[in-house]
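Following: one structure in structure tokens, then a few remarks.
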Amino acid sequence: GTNTLHKDEL
Amino acid sequence: MNIFRIIGDLSHLLAIIILLRKIWKTRSCAGISGKSQILFALVYTTRYLDLVTTYVSLYNTVMKIIFIAVSIATCYLIYMKFKATYDHNHDTFRIEFLLAPAVILALLINHDFTFLEILWTFSIYLESVAILPQLFMVSKTGEAESITSHYLFALGSYRALYILNWIYRYHNEEIYDLIAIVAGIVQTALYCDFFYLYITKVLRGKKLQLPA
């Protein structure tokens with residue numbers, strides 16, 4: 001999956 | 001979490017603390033682009049609205065609050081407290097030429113057409129170009145104080161380290177986000193000539209002089 005990344009990044 | 005992202009976040013935190021401290025200690029925002037600081041405040045307030053909807057970790061929440069608070073405090077110092085020292089004549093980049101494309105692009109290219117996701121995407125696109133008014137101002141004045149160049153180096157390093165973080169996460173966790181990656185590469189690329197000048201000049205004790 002691609003867009004789960006930024007939910008835990010600043 | 002990985003070492004690249006930790007160092008990246010700390011580099012980011014260092015950058016905004018360096019800037020706030022410089023303005024506060026010297027009681028002057030000479031050489032600082034207020035327009036870039038407005039853009040950064042906009043970047044953090046639009047990106048971190050999820051503070052109220054999702055809890056990721058204490059670290060994540062604390063850092064988001066700090067970034068929002070420090071960026072707004074910096075704008076306050078520039079445009080209110082020390083506005084007499086604000087250099088209008090050299091801070092002339094037309095930020096509407098950055099805001100409009102970021103809005104349009106966020107509406108066209110995003111992962112999900114929802115309010116928070118569009119705001120996040122806008123914030124990612126805007127952050128990639130938010131430093132342009134500052135770099136433009138440095139090129140117009142032809143030089144930057146060494147503290148300002150340390151600020152720029154720390155700020156530029158943060159997203160460069162995030163690129164390493166994204167490579168690490170793609171390799172180890174099989175996840176990636178093309179919007180963040182492409183914008184992050186653009187953002188880092190904008191610092192390249194500054195990085196070159198910083199390493200060849202500032203680190204040798206010379207002043208950062210840009211070819212006017």
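Sequence lines set the chain letters: A, B, ... in the order given, protein chains first and strands last, and positions in each chain run from 1.
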Proximal to chain A - members of residues 60-80 of chain B, heavy-atom separation under 4.5 Å: N60(B), M63(B), K64(B), F67(B)
Residue Y162(B) versus chain A: region with a heavy atom under 4.5 Å: side chain
Sorted by number, residues from residues 9-37 of chain B in contact with chain A (heavy atoms, under 4.5 Å): D9(B)
Qualifying ring pair (Phe, Tyr, Trp, His ring centres under 6.0 Å) pairs with a residue from residues 90-109 of chain B, counting only residues at least two apart or across chains: F93(B)-F136(B)
Closest non-hydrogen atom pair, Y48(B) against L10(A): OH-C, 3.3 Å
Validation row: E9(A), D177(B) side chains within 4.5 angstrom (heavy atoms): no
Residue list, side-chain hydrogen bond (donor to acceptor under 3.5 Å, both in side chains) with R159(B), at least two apart or on another chain: none
Y55(B) atom OH, neighbour heavy-atom count above 12 within 6.0 Å: yes
